[in-house]
Protein chains: 2
Amino acid sequence: MLTHILLGFLSYGPKTGYELKSLMDHSTQHFWHAQHSQIYTTLHRLREQGFVWSEEPDAADPLNRRIYHLTDAGRDEFHRWLAQPQTNLEPIKHELLVRVFFSGARDRDEVLDELRLQRRLHQQQFDYYQNQGPEMWREKLPFSSEIFKELPFWLSTLEFGVAYEAMTLAWLDRQIARLEAQT
Amino acid sequence: MLTHILLGFLSYGPKTGYELKSLMDHSTQHFWHAQHSQIYTTLHRLREQGFVWSEEPDAADPLNRRIYHLTDAGRDEFHRWLAQPQTNLEPIKHELLVRVFFSGARDRDEVLDELRLQRRLHQQQFDYYQNQGPEMWREKLPFSSEIFKELPFWLSTLEFGVAYEAMTLAWLDRQIARLEAQT
DNA sequence: GAATTCATGTAAAGCGTTACATGATTCG
DNA sequence: CGAATCATGTAACGCTTTACATGAATTC
């Protein structure tokens with residue numbers, strides 16, 4: 001998956017590994033994140049596969065930056081991936097639900113504390129999506145001419161984030177209320 | 001994670017690998033699933049770690065079933081895990097959102113087809129949660145005396161599933177409407 | 001007799017996280 | 001001058017998926 005995210009960002013223009021990491025942190029973070037270690041190793045693999053190429057770092061650049069470019073094969077691969085629709089329901093992995101599932105054996109107050117903490121965290125995330133999030137995008141993602149067509153889709157993903165957090169908050173409130181009602 | 005799910009189910013009583021797989025397929029499936037291969041190898045690992053033990057398959061049993069039991073160490077580990085609350089927001093990995101994010105370069109109709117297909121699939125899932133789901137539980141998870149305390153928590157996870165699908169359907173409808181409005 | 005379900009495993013590969021490692025630049 | 005940011009990598013490990021492999025019992 002990270003493969004195609006990197007190819008996607010590189011389809012907007014050449015970028016360094018560090019820039020790709022920063023872009024992900026400020027855009028795809030809420031539905032796909034990666035450590036820098038994985039980004040660098042994946043870029044190496046993509047280079048071996050012929051999907052990207054990079055100039056040797058400029059000797060005059062003390063930061064030793066390595067700029068990656070998409071090859072034709074890389075662009076083809078990216079479009080091949082996009083053209084192949086997702087035909088299955090996406091399986092969900094949700095650790096908190098696992099914990100809730102097995103919480104019958106726990107102290108009621110212990111479970112309540114955990115749910116209340118999660119509520120706080122999700123409230124923060126909700127606020128972030130509605131306030132700082134969009135503004136951060138305007139500041140940190142400044143290659144505006146390249147992406148005017150994608151902006152509505154980027155906003156769609158943000159809208160999902162808002163809806164997801166609102167849904168989660170409402171669910172947490174119901175579970176907390178149910179537990180509090182028990183004596 | 002699978003580790004603690006298996007320990008959790010075994011805390012209700014001894015079970016075979018096959019039974020654990022079947023239990024997961026009918027209960028945790030909507031927030032954590034696993035292939036049988038992973039379940040069997042994880043059980044081997046748990047045995048080496050001393051968290052479970054198993055009788056040698058009964059020579060009289062032609063199906064060669066291997067029944068796993070929780071050890072004291074296994075029970076301790078399960079409770080240690082439960083007592084350690086989740087203090088972070090759970091990172092989300094959502095492939096469909098990655099595809100939407102990069103859909104600016106695609107044909108509008110191609111994107112619409114994909115979203116409509118996802119809408120159908122999520123509608124099915126929503127119906128499943130509301131109808132067959134709970135009934136399936138009553139049939140397939142029959143160790144009722146062991147789990148009367150956990151049932152409310154199991155229903156909580158199902159309630160999350162319903163809320164998640166409703167949220168997703170509403171989001172998909174908005175994205176489909178937005179794209180359809182474009183000419 | 002064929003198909004489905006019951007039952008258990010191994011091997012290889014891919015994906016992702018965590019930790020280790022280093023060094024320059026910029027800002028306060 | 002210290003902290004934060006910029007910048008790139010490797011190694012080990014763990015988790016998960018996919019594919020390969022086998023065979024008995026049950027149901028239609």
message = Could you walk me through whether A:F9 and B:F101 satisfy the side-chain contact (heavy atoms from CB on, under 4.5 Å) test, starting with their C-alpha distance in whole Å, then the side-chain angles of each, then the deciding distance to 0.1 Å, before giving a yes or no?
response = CA-CA 10 Å; A:F9 278 122; B:F101 186 86; 3.7 Å; yes

ask   = So which heavy atom on B:R47 is nearest to which on B:S54, and how close?
value = NH1-OG, 3.4 Å

key: B:M1 CE to C:dT17 P, straight-line distance once rounded to whole Å   = 16 Å

ask   = Start at the 5' end of DNA chain C and walk down; is the nucleotide closest to A:H33 or to A:H36 reached first?
value = A:H33

query = Who passes side-chain contact (heavy atoms from CB on, under 4.5 Å) against B:S103, sequence neighbours left out?
reply = A:F153, B:R106, B:V111

Which residue lies more 5' along DNA chain C, comparing B:R65 with B:Q38 via nearest heavy atoms = B:R65

task = Could you check which of D:dG9, D:dT18, C:dG9 has an atom nearest any side-chain atom of B:Q35?
result = D:dT18

task = Begin from the C-alpha positions of A:Y129 and A:Y164 and carry the test ring-ring contact (aromatic ring centres under 6.0 Å, His included) through to its verdict.
result = CA-CA 11 Å; A:Y129 285 146; A:Y164 180 83; 8.8 Å; no

message = If you only use heavy atoms from C-beta on, which nucleotide in C:dG16, D:dT17, C:dT5 is closest to the side chain of B:Y18?
response = C:dT5

ask   = Any idea which of C:dG16, C:dC15, D:dT17 is nearest the A:R45 side chain?
value = C:dC15

query = Are any of B:H44's side-chain N or O atoms less than 4.0 Å away from OP1 or OP2 of C:dT10?
reply = yes

query = How close or far is atom P of D:dG14 from atom CD of B:E48, stated in whole angstroms?
reply = 12 Å

key: d(CD1, B:I39; P, D:dT18) in whole Å   = 14 Å

query = Distance check: side-chain N/O of A:K93 vs OP1/OP2 of C:dG16, anything under 4.0 Å?
reply = no

inquiry  = Measure CG/A:L20 against C1'/D:dT8 and give the value in whole Å, please.
reply    = 13 Å

inquiry  = side-chain contact (heavy atoms from CB on, under 4.5 Å) for B:E77 and B:T3? Distances and angles first, verdict last.
reply    = CA-CA 10 Å; B:E77 171 56 27; B:T3 300; 5.6 Å; no

remark   = From CG of A:L46 across to P of C:dC15 the rounded distance in Å is 10 Å

inquiry  = Rounded to whole Å, how long is the line connecting atom NZ of B:K21 with atom C1' of D:dT17?
reply    = 12 Å

ask   = Taking CD from B:E95 and C1' from D:dT16, how many angstroms apart are they, rounded to a whole number?
value = 15 Å

inquiry  = Based on the rotation axes of five pairs at each end, what angle does the helix from C:dG1-D:dC28 to C:dG28-D:dC1 bend through, to 10°?
reply    = 40°

note = Out of D:dA21, D:dT16, D:dA11, minimum distance to the side chain of A:S37 belongs to D:dA11

ask   = Mind checking what makes side-chain contact (heavy atoms from CB on, under 4.5 Å) contact with B:H36, not counting sequence neighbours?
value = B:K21, B:Y40

request  = Output, in order, the C-alpha distance, side-chain angles, deciding distance and verdict of side-chain contact (heavy atoms from CB on, under 4.5 Å) for B:H69 and B:L10.
outcome  = CA-CA 7 Å; B:H69 304 252; B:L10 289 176; over 6 Å; no

ask   = What pairs meet the salt bridge (charged side-chain N to carboxylate O under 4.0 Å, His left out) rule with one or both residues in residues 67-76 of chain B, with sequence neighbours excluded?
value = none

inquiry  = Taking any heavy-atom pair under 4.0 Å as a contact, classify B:T16: base, sugar-phosphate, or nothing.
reply    = sugar-phosphate

Atom-pair distance (OH on B:Y40; C1' on D:dT17), nearest Å = 17 Å

key: ILVMFWY clustering at 4.5 Å (side-chain atoms), partners of B:L89   = A:L117, A:L121

request  = Could you check which residues of residues 73-91 of chain A get a heavy atom under 4.0 Å from DNA chain D? Sort them by number, please.
outcome  = none

key: Flag side-chain contact, heavy atom, 4.5 Å: B:E55 against B:P14   = no

remark   = Of C:dT8, D:dT18, D:dA7, the nucleotide closest to the side chain of B:R66 is C:dT8

